[in-house]
Amino acid sequence: MSFDLPELDQKKTKEAVEAALEKYRLFKYLTFEEREASITASPDERFHGPTNQTSDQTAQVAIYNADQQEYRRQYCERIERAVKRLPPLERFLIERRYMAEDADYKTDMQVYCFEFQPPMSESRYSKIRWRAFYKLALNLNIAVTK
């Protein structure tokens, strides 16, 4: 029985995975600003006919606040589960380079020279990173095929 893995566009897939991990960092480390209902009336005149719709601004704000927080939590859990399924070396690389709170300030060179013990070459680091990205892209369903 033969199973062919899809051939992915390396550049676009890398961009998609990095974007997903950046979104993870934003959701994980930045606080969520809850919306508040406006209690003052608008000074603008509104000339329109009846729409036969009632609006409840307080309910809409409450629903948004609850749904957005739950969406953020589920997104972070999904990324964390996908990373935990990776082999140890790939997981370590993704966690240190892309999931850490200070990941925006780390470079690949800092990771492969100083985080890994013993340090590794750039080419080996690139191969491990691509394998991790490949698996994450397929797992998160963000792979870009050729």
**Request:** With E90 as reference, evaluate R129, K135, R85 under the salt bridge (charged side-chain N to carboxylate O under 4.0 Å, His left out) test and give the passing residue.
**Result:** K135
**Prompt:** Quick check: are there more than 12 heavy atoms from other residues, nucleotides or ligands sitting under 6.0 Å from NZ of K127?
**Reply:** no
**Request:** Check the surroundings of atom CD in E7: do more than 12 heavy atoms from other residues, nucleotides or ligands lie under 6.0 Å from it?
**Result:** no
**Request:** Drop me the distance from L93's CG to E115's CD, to the nearest 0.5 angstrom.
**Result:** 10.0 Å
**Message:** Please check if the number of heavy atoms outside K12 that lie under 6.0 Å from its NZ is greater than 12.
**Reply:** no
**Asked** Do L89 and Y125 sit in the same hydrophobic cluster, where Ile, Leu, Val, Met, Phe, Trp and Tyr count as joined when their side-chain heavy atoms come under 4.5 Å apart?
**Response** yes
**Message:** With a 4.5 Å cut-off on side-chain heavy atoms, are K28 and I79 touching?
**Reply:** no
**Prompt:** Can you hop from Y29 to Y75 via hydrophobic side chains spaced under 4.5 Å?
**Reply:** no
**Prompt:** Taking atom CD of Q110 as the centre, does the number of heavy atoms from other residues, nucleotides or ligands within less than 6.0 Å exceed 12?
**Reply:** yes
**Request:** Look at the side-chain heavy atoms of Ile, Leu, Val, Met, Phe, Trp and Tyr, link any pair under 4.5 Å apart, and say whether V111 and M109 land in one connected group.
**Result:** yes
**Request:** If the plane angle is over 60° it's perpendicular, under 30° parallel, otherwise tilted; pick one for F116 and F92.
**Result:** perpendicular
**Request:** Please check if L138 and V144 belong to a single hydrophobic cluster, counting links between Ile, Leu, Val, Met, Phe, Trp and Tyr side chain heavy atoms closer than 4.5 Å.
**Result:** no
**Prompt:** Does any non-hydrogen side-chain atom of E18 lie less than 4.5 Å from one of F133?
**Reply:** yes
**Message:** Between L136 and W130, is there shared hydrophobic-cluster membership here, with clusters defined by ILVMFWY side-chain heavy atoms closer than 4.5 Å?
**Reply:** yes
**Derivation and outcome, salt bridge (Lys or Arg N to Asp or Glu O under 4.0 Å), residues R73 and E77** = CA-CA 6 Å; R73 187 188 63 75; E77 284 181 2; 2.7 Å; yes
**Request:** Let me know which of Q68, Q74, R72 forms a side chain to side chain donor-acceptor pair (under 3.5 Å) with E70.
**Result:** Q74
